[in-house]
Amino acid sequence: MAKYGFIGTGNMAQAMIKGLLAQGVVPSDIAVASPTTAAKLAQAWGVQALSAQQVIQASDLTVLAFLPNQLADVTANLVFEDQLVVSVLAGVSVDQLVTATGSHQVVRTLPNVNVAINQGVTAFATTTLTVANQAIFHDFSTQLGTAIAVPEAQFAAFSAIAGSGPAYVFKFIAALAKAGVANGLADDLATTIATQTVLGSAQMLAASGQSAQVMQDTVASPGGSTRAGLDDFDQQGFDAVVAHAIRATVEHKHA
Ligand SMILES: NC(=O)C1=CN([C@@H]2O[C@H](COP(=O)(O)OP(=O)(O)OC[C@H]3O[C@@H](n4cnc5c(N)ncnc54)[C@H](OP(=O)(O)O)[C@@H]3O)[C@@H](O)[C@H]2O)C=CC1
Ligand SMILES: O=C(O)[C@@H]1CCC=N1
């Protein structure tokens, strides 16, 4: 089994580690480095907390999972040689990764937090990898969900829809639940049914082979309450609100 390393152990790294552990990767095959959280993860999950340089040396694949603006500082004194480096840093290009690490075996990725339950969707773009490193990255990424090769010019759009998308879906669920409470449902019940409804609807759409537009019509009986709600969404400019927020996300430097 390949050994995996993480430099940076925040929300994204923890989501990836959870996904790997759920797939049967043994904790001792995962090495982590960060100022404070790495030691806590070693206690809680049995992974190895090491220095960043030791993580690189102990791993077949090292994930960079700190904040994008930390790239130069964190890598300044690290030696990667031609180790396989997988970055999750939003907005950081393959060329920037090669310059910062000195490695020519580099993968730029943009995952989402659903990797924690092996249902992530991850964009990737690479330098020319050795056959061995292609296999190591393929095994790593497919354990976490779906991995898709995406041109770097499309990473910002991918990041907005897939990377940030879970936050926007959680926002919709929260709004749906809040509206349920405003209309008389208990808080817990409203959250449970809003969550299950979004989960079931996504699965229903995926299974249907139909467009999301067509599926709306299967719910809205002619002259019924759903049509009244959909018309109200349109009058309030729902699609424009979503498009505006996605544009703000795409235009951010860390997309
Ligand atoms: N969250 C998400 O859904 C997504 C995040 N990303 C990318 O993932 C990366 C991490 O984001 P996220 O996990 O949300 O952020 P967090 O703030 O949760 O995590 C940042 C991590 O960086 C660590 N860190 C800080 N300084 C150093 C250092 N000098 N050396 C090593 N590690 C350091 C922190 O360590 P400590 O905890 O010990 O302080 C922390 O574990 C970003 O680049 C982001 O663009 C990409 C797609 C989705
Ligand atoms: O918010 C962020 O900057 C990162 C990028 C995509 C999701 N989270």
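For the single chain, residues carry numbers from 1 onward in sequence order. Each ligand, and each atom within it, is numbered from 1 in the order the structure gives.
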By number and element, which atoms of ligand 1 are closer than 4.0 Å to a non-hydrogen atom of [X]?
X    : answer
V113 : 3 (O)
Q70  : 25 (C), 26 (N), 27 (C)
P111 : 47 (C), 48 (C)
P68  : 42 (C), 43 (O), 45 (O)

Requested in this report: Quick one: sort the F137 and F124 rings into parallel, tilted or perpendicular, breaks at 30° and 60°.
Outcome: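 The arrangement is perpendicular - the two ring planes meet at more than 60°.
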Requested in this report: Answer with yes or no whether the side chains of Y168 and T249 bring together a donor and an acceptor at under 3.5 Å.
Outcome: yes
Query raised in the report: Taking atom types as modelled, is there a side-chain donor on Q96 or S93 under 3.5 Å from an acceptor on the other?
Result: yes
Query - For G163, atoms of ligand 2 separated by under 4.0 Å from a heavy atom - result: 6 (C), 7 (C)
For [X], look at atom [atom1] and say whether over 12 heavy atoms of other residues, nucleotides or ligands are found less than 6.0 Å away.
X    : atom1 : answer
H254 : NE2   : yes
M215 : CE    : yes
Q70  : CD    : yes
D188 : CG    : no

Give me the nearest non-hydrogen protein atom to [atom] as residue plus atom name, then the distance to 0.1 Å.
atom                    : answer
atom 4 (C) of ligand 2  : A90 CB, 4.8 Å
atom 31 (C) of ligand 1 : I7 CG2, 3.8 Å
atom 28 (C) of ligand 1 : V74 CG2, 3.7 Å
atom 2 (C) of ligand 2  : H254 O, 4.7 Å
atom 36 (P) of ligand 1 : T37 OG1, 3.4 Å
atom 43 (O) of ligand 1 : F66 O, 2.6 Å
atom 1 (O) of ligand 2  : S164 OG, 4.9 Å
atom 6 (N) of ligand 1  : V88 O, 3.7 Å
atom 15 (O) of ligand 1 : L67 CD2, 3.7 Å

Query raised in the report: Hey, is the main chain of T128 close enough, under 3.5 Å, to the side chain of Q105 for a donor-acceptor pair?
Result: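 Confirmed, Q105 side chain pairs with T128 backbone.
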Query - Donor-acceptor under 3.5 Å (Q83 side chain, I56 main chain) - result: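 Pair found, side chain donor or acceptor close to backbone of I56.
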Report summary line: At under 4.0 Å between heavy atoms, what of T36 touches ligand 1? The answer is both
Report task. For a side chain to side chain contact (heavy atoms under 4.5 Å, CB included) with V86, tell me which candidate from T109, I136, N133, L97 qualifies. Result -> T109
Query - Flag: protein heavy atom within less than 4.0 Å of atom 7 (C) of ligand 2 - result: yes
Looking only at N/O atoms, are [X] and ligand 1 under 3.5 Å apart anywhere?
X   : answer
M12 : yes
N11 : yes
G10 : yes
A90 : yes
A38 : no

Query raised in the report: CG/L84 to OG1/T130 distance, rounded to the nearest 0.5 angstrom?
Result: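 One gets 7.5 Å once the value is rounded to the nearest 0.5 Å.
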Report task. With R108 as the cation and F155 as the aromatic partner, state whether NZ or CZ is under 6.0 Å from the six-membered ring centre and within 45° of the axis. Result -> yes
Query raised in the report: Where the closest heavy atom to atom 20 (C) of ligand 1 is concerned, which of G8, G91, S51, A65 has it?
Result: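 Among G8, G91, S51, A65, the closest heavy atom to atom 20 (C) of ligand 1 comes from A65.
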Report task. Could you check which of A15, A52, A13, P35 puts a non-hydrogen atom nearest to atom 24 (N) of ligand 1? Result ->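 Comparing heavy atoms across A15, A52, A13, P35, the nearest one to atom 24 (N) of ligand 1 lies in P35.
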Query raised in the report: Below 4.0 angstrom, N of the basic side chain to O of the carboxylate: do R227 and D217 qualify?
Result: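 Looking at D217 together with R227, the answer is yes, because their closest N to O distance falls below 4.0 Å.
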Report task. Inspect the contact between D60 and K3 and indicate whether a charged nitrogen and a carboxylate oxygen are less than 4.0 angstrom apart. Result -> no
